[in-house]
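If you're wondering where the values come from, they're calculated on a predicted model, not measured in any experiment.
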Amino acid sequence: MSKIRSMSLTTRIMIGMFLGVAVGFIFQAILAGEDDYLIPLGLFSLPIKGFFVDGLFHIGGQIFIASLKMLVVPLVFVSLVCGTCSLSDPKKLGRLGGKSICLYLITTAIAITVAITLALLVNPGEGINLPSDAAYNAKEAPTLAQVIIDMFPTNPIDAMASGNMLQVIVFSLLFGIAMALSGSAGKRVAVVFEDLNTVILKLVTLLMNVAPYGVFFLMAKLFTTIEVDLIVSLAKYFGVVMAALAIHAFVNYTILLKLLTGLNPIIFLKKMKHACLFGFSTSSSSATMPITLETATKKLGAKNSVASFTIPLGATINMDGTAIMQGVATVFIAQVFSVDLTISDYLMVILTATLASVGTAGVPGVGLIMLAMVLNQVGLPVEGIAIIIGVDRLLDMTRTAVNVTGDCMVTCVVAKSEGQLDEDVFNDPDAAKDLEDYHKSTD
């Protein structure tokens with residue numbers, strides 16, 4: 001047991017992930033398409049699906065996800081207030097916002113361009129038989145004006161309770177600015193928030209210590225229920241999306257980081273593995289935000305005054321992974337339905353998806369809403385979404401890992417441009433190696 005505890009947290013999470021995948025495939029083989037399988041134990045029988053998959057795995061996984069989400073609002077609120085009130089010049093917020101949004105839009109445009117180009121080279125939709133029952137009802141996207149109006153909360157407590165991150169970000173920024181302008185009263189409140197920040201970061205540490213078990217439960221349930229046959233039938237589509245995600249994460253991000261900051265992209269990628277594992281396991285940028293924020297500040301050296309703004313903003317508007325899915329899906333659906341798209345159509349797809357990443361920020365189920373919006377823009381049938389929705393869960397996990405990487409890359413670029421990046425921390429391979437090391441040093 002002590003040997004397991006001596007392992008790094010990343011290693012333990014990897015072990016939990018691989019064990020979960022293995023158990024999932026074993027259970028799937030045992031079930032072999034049956035509703036359930038009973039394990040005889042003498043006096044009673046234990047159902048694999050009823051007890052393990054829908055019981056233990058489901059409960060454990062959902063508690064882990066809920067625990068992560070529980071931390072998001074208090075962490076964003078407290079860290080953003082601390083970061084904002086510590087800015088010597090409140091006008092700096094305008095620069096931070098402008099740089100961050102521009103970078104997120106640029107990476108999204110690059111992502112969907114790469115996806116469309118790769119899809120046109122591979123032709124993933126050729127030879128796919130259209131299901132006769134293909135149907136999908138798309139929700140209507142709100143107007144840009146409504147999104148802007150909805151950014152401002154009428155009730156900040158309600159915004160926090162419902163997890164409306166854009167409203168929480170706006171209120172936190174205004175509250176932090178007010179503290180900075182309130183003199184001695186603001187300084188007294190700032191001390192309280194700094195202490196709250198320390199306590200919340202300690203709570204993050206406690207949760208991370210049970211992460212390997214949560215990851216195991218999530219993986220075990222997913223790979224017990226995932227339809228392998230469906231992935232095989234859509235192998236070309238699946239492969240193109242995965243390849244585009246890999247290119248964007250390992251090529252596009254690293255080139256941008258090197259060009260805009262001069263930092264070593266290899267060091268950056270090595271330090272991202274921990275946050276990426278969380279992102280892959282939870283399939284949620286918001287749920288991964290506590291770990292992403294800690295990675296940006298404690299491992300990559302970005303000051304909290306920058307990271308507390310760029311990370312929550314990125315978790316809300318950074319749609320690189322989703323944009324890649326939309327690019328490949330557009331080409332795929334056009335080929336399945338034998339619709340020829342022109343160059344102007346593809347340019348319209350790039351423009352629509354890029355602007356929609358901000359225009360639909362904070363909208364629940366935004367990925368599929370954006371895809372429906374893009375398909376309508378170029379006259380493709382929205383029913384095509386029903387063909388790919390079955391394999392989207394596994395792709396969504398990978399998209400989240402890519403999005404988290406993009407959030408930290410943008411944070412490094414903005415922090416470096418503002419003189420708010422500690423390069424000694426960035427270049428130190430042992431900086432907060434497992435994040436909990438940082439908290440141990442503050443005990």
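Residue T288 forms a side-chain hydrogen bond (donor to acceptor under 3.5 Å, both in side chains) with just one option from N403, T282, T400, and that option is T282. Under the side chain to side chain contact (heavy atoms under 4.5 Å, CB included) test applied with V331, the options I116, T117, V240 reduce to a single match, I116.
The heavy-atom pair separating S305 from Q420 by the smallest distance is OG-OE1, 3.3 Å. When all heavy atoms are compared, the tightest approach of F278 to A211 is CZ-CB, 3.4 Å. The shortest heavy-atom contact between E418 and L96 is CG-CD2, 3.8 Å. A243 and L118 make their closest contact through CB-CD2, 3.8 Å (heavy atoms, listed as atom of the first residue, atom of the second, distance). Closest approach of L68 and P290 over heavy atoms only: O-CG, 4.2 Å. Taking every heavy atom of both residues into account, S417 and K99 meet most closely at OG-NZ, 3.0 Å.
Looking only at side-chain heavy atoms (C-beta outward), S79 and L293 come within less than 4.5 Å of each other. Taking 4.5 Å as the limit, some side-chain heavy atom of L222 sits within range of a side-chain heavy atom of L394. Here the side chains of V404 and I291 are not in contact, with every heavy-atom distance at 4.5 Å or above. Residues M325 and L395 fail the side-chain proximity criterion, which asks for heavy atoms closer than 4.5 Å. At a threshold of 4.5 Å between non-hydrogen side-chain atoms, the residues S285 and N318 do not count as touching. The shortest side-chain heavy-atom distance between D150 and L166 does not fall under the 4.5 Å cut-off. The side-chain heavy atoms of L173 and L80, taken from C-beta on, include a pair separated by under 4.5 Å. Side-chain contact between I65 and L218 is present, with at least one heavy-atom pair separated by less than 4.5 Å.
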Kindly indicate, with the supporting measurements, whether the criterion side chain to side chain contact (heavy atoms under 4.5 Å, CB included) is fulfilled by M219 and M397.
CA-CA 11 Å; M219 294 296 103; M397 296 163 71; 3.1 Å; yes
Take T107 and Y253 through the side chain to side chain contact (heavy atoms under 4.5 Å, CB included) test and state the conclusion after the steps.
CA-CA 8 Å; T107 57; Y253 283 153; 4.2 Å; yes
Check the pair V378 / V339 against side chain to side chain contact (heavy atoms under 4.5 Å, CB included), numbers first and verdict last.
CA-CA 10 Å; V378 291; V339 177; over 6 Å; no
Decide side chain to side chain contact (heavy atoms under 4.5 Å, CB included) for R12 and F216; before the verdict, give the C-alpha distance in whole Å, the side-chain angles of both, and the deciding distance to 0.1 Å.
CA-CA 10 Å; R12 283 182 280 147; F216 169 79; over 6 Å; no
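Taking a 6.0 Å sphere around NZ of K69, one finds it holds 12 or fewer heavy atoms contributed by other residues, nucleotides or ligands. Residue L259 places its CG atom among more than 12 non-hydrogen atoms of other residues, nucleotides or ligands, all under 6.0 Å distant.
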Would you give me the side-chain donor-acceptor pairs under 3.5 Å for residues 180-188, sequence neighbours excluded?
unit_1, atom_1, unit_2, atom_2, d
S182, OG, A178, O, 2.5

Enumerate, atom names and distances included, each donor-acceptor pair closer than 3.5 Å involving a side-chain atom of residues 408-416, sequence neighbours excluded.
unit_1, atom_1, unit_2, atom_2, d
T411, OG1, T310, OG1, 2.7
T411, OG1, D407, O, 2.7
K416, NZ, T261, O, 2.8
K416, NZ, E423, OE2, 3.3

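Checked by atom type and distance alone, the side chain of T352 never pairs as donor or acceptor with a backbone atom of V349 at under 3.5 Å. Of the possible polar contacts, none joining the K258 side chain to the P265 backbone as a donor-acceptor pair under 3.5 Å is found.
For the 3.5 Å distance criterion, the side chains of S283 and D396 qualify, holding a donor opposite an acceptor. In this structure, a donor-acceptor pair under 3.5 Å is present between the side chains of S344 and T342.
Separating the OG1 atom in T316 from the CD1 atom in I311 is a distance of 11.0 Å, to the nearest 0.5 Å. The structure places CD1 of I350 at 11.0 Å from CD1 of I110, a figure rounded to the nearest 0.5 Å. Atoms CD1 and CD1, on I169 and I317 in that order, are 8.5 Å from each other to the nearest 0.5 Å. The CD atom of E294 sits 5.0 Å away from the CG atom of L201 when rounded to the nearest 0.5 Å. Here NZ of K299 is found 7.0 Å from NZ of K273. Values are rounded to the nearest 0.5 Å. Rounding to the nearest 0.5 Å gives a distance of 11.5 Å between CZ of R95 and OG of S100.
Ring geometry for F77 versus F193: interplanar angle over 60°, hence perpendicular rather than tilted (30 to 60°).
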